[in-house]
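Input: a single structure, listed below in structure tokens.
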Amino acid sequence: MSLTVSDVEALFDLPFNDLIFRAQGVHRRHFDPNAVQLSTLLSIKTGGCPEDCGYCSQSVRVATGVDSQPLLPLDQVLAAARAAKARGATRFCMGAAWRGPKDKDLAQVAEMIRGVKALGLETCVTLGLLREGQAEQLACAGLDYYNHNLDTSRSHYHEVIHTHAYEDRLDTLGKVRGAGIKVCCGGIMGMGESRRDRAAFIAELTALDPPPESVPINLLVRIPGTPLADVPALEPIEFVRTIAVTRVALPTSVVRLSAGRTQMPDHLQALCFLAGANSIFYGDKLLTTPNPRADTDGALFDRLGLRAMAAEKRSSTPLES
Ligand code: SAM
Ligand code: DTB
Ligand code: SF4
């Protein structure tokens, strides 16, 4: 159901205990409260991106020490996918530092999707803006999810990114949906936005019809050399509130506690799961920055009694610890 910015702001303004209680109630009506979906990320094409997203280490416009690499060969991608599956991941997400894919790139990515799917994993790619017909090619290869984030509110977007517009992102999301691919769409918190911006961003997600199946909420990883390297850190309770409000506003979406977990102590992550997060990136690397190790997450899951969510089901399997 589409919510107004004021509706979402009212959720943010609830007393913390009332907000968390409400989020847990919504979570339990739609999901197993102790099951967490596990996605592993791989950067299949790193660095050298022409876009100027202010948070990103991979833009050509910034010196972050990230080495540019061409598109990985298929065998390396499949080896990483096999390792992710062996650790217990159910989805494999492949990210490319492109404004958008060229048709010859897309043919190679289609082969990667086919190969990863044949291993019995769900597939997700994030390749930037899509042109007419490209989403259909990905659907033909059997792609399950396309990740394309709105990242922040419409008005804050111009403060962070100047080389493409919010409307361009919405246009690609429409193409993905039109091709019958599931949508993974979320954002980054802690980019100097206001609470109203966070509310407006969540309201935008509720206006997508149907809502995204997967909603990654990233805490900004402040990467030296990027324009946002020195932005003040988001207050942690406000981050937990953002997770809880997302859970209430998007009751049937899987909410991913995404980038930023290496900066979060265990008790903060526990609060995020209590607030309704039910997915993580799993494996020791995101795209260019570190993520908690699988054994560290295994130990945290044991302490919290959490289990891995099976693909497309709400049942569970043991997690490596
Ligand atoms: N180039 C494609 C695009 O922009 O859609 C795909 C890759 S891009 C790196 C995918 C997403 O990663 C971004 O939309 C952003 O939400 C997230 N991201 C990138 N850098 C980040 C950072 N430093 N902290 C948190 N999230 C980040
Ligand atoms: C998403 O929302 N977060 C992921 C994924 N989608 C592609 C990326 C996080 C990147 C964090 C910074 C880095 O490792 O470069
Ligand atoms: Fe390029 Fe994506 Fe990074 Fe923006 S977020 S600079 S489009 S890789």
So does [X] pair up with [Y], basic N to acidic O under 4.0 Å?
{"X": "D171", "Y": "K175", "value": "yes"}
{"X": "D297", "Y": "R261", "value": "yes"}
{"X": "R154", "Y": "E167", "value": "yes"}
{"X": "E193", "Y": "R198", "value": "yes"}

Item to check | Side-chain donor/acceptor of T206 to backbone N/O of A203, under 3.5 Å | outcome: yes
Next on the checklist: I'd like to know if the side chain of D144 reaches the main chain of C124, judged simply by a donor and an acceptor atom lying under 3.5 Å from each other, with no hydrogens or angles considered.
Outcome noted: no
Checklist entry - Angle class for the H148/Y146 ring planes (parallel below 30°, perpendicular above 60°, tilted otherwise)? => result tilted
State whether a side-chain donor-acceptor pair under 3.5 Å links [X] with [Y].
{"X": "R91", "Y": "Y145", "value": "yes"}
{"X": "Y55", "Y": "N218", "value": "no"}
{"X": "H164", "Y": "Y157", "value": "yes"}
{"X": "D52", "Y": "T163", "value": "yes"}

Next on the checklist: Please list all pairs meeting side-chain hydrogen bond (donor to acceptor under 3.5 Å, both in side chains) that have one or both residues in residues 72-86, counting only residues at least two apart or in different chains.
Outcome noted: none
Checklist entry - Does NZ or CZ of R241 fall inside the cone over F16's six-membered ring, less than 6.0 Å from its centre and within 45° of the axis? => result no
Next on the checklist: The criterion is salt bridge (charged side-chain N to carboxylate O under 4.0 Å, His left out); which residues satisfy it with D266, sequence neighbours excluded?
Outcome noted: R303
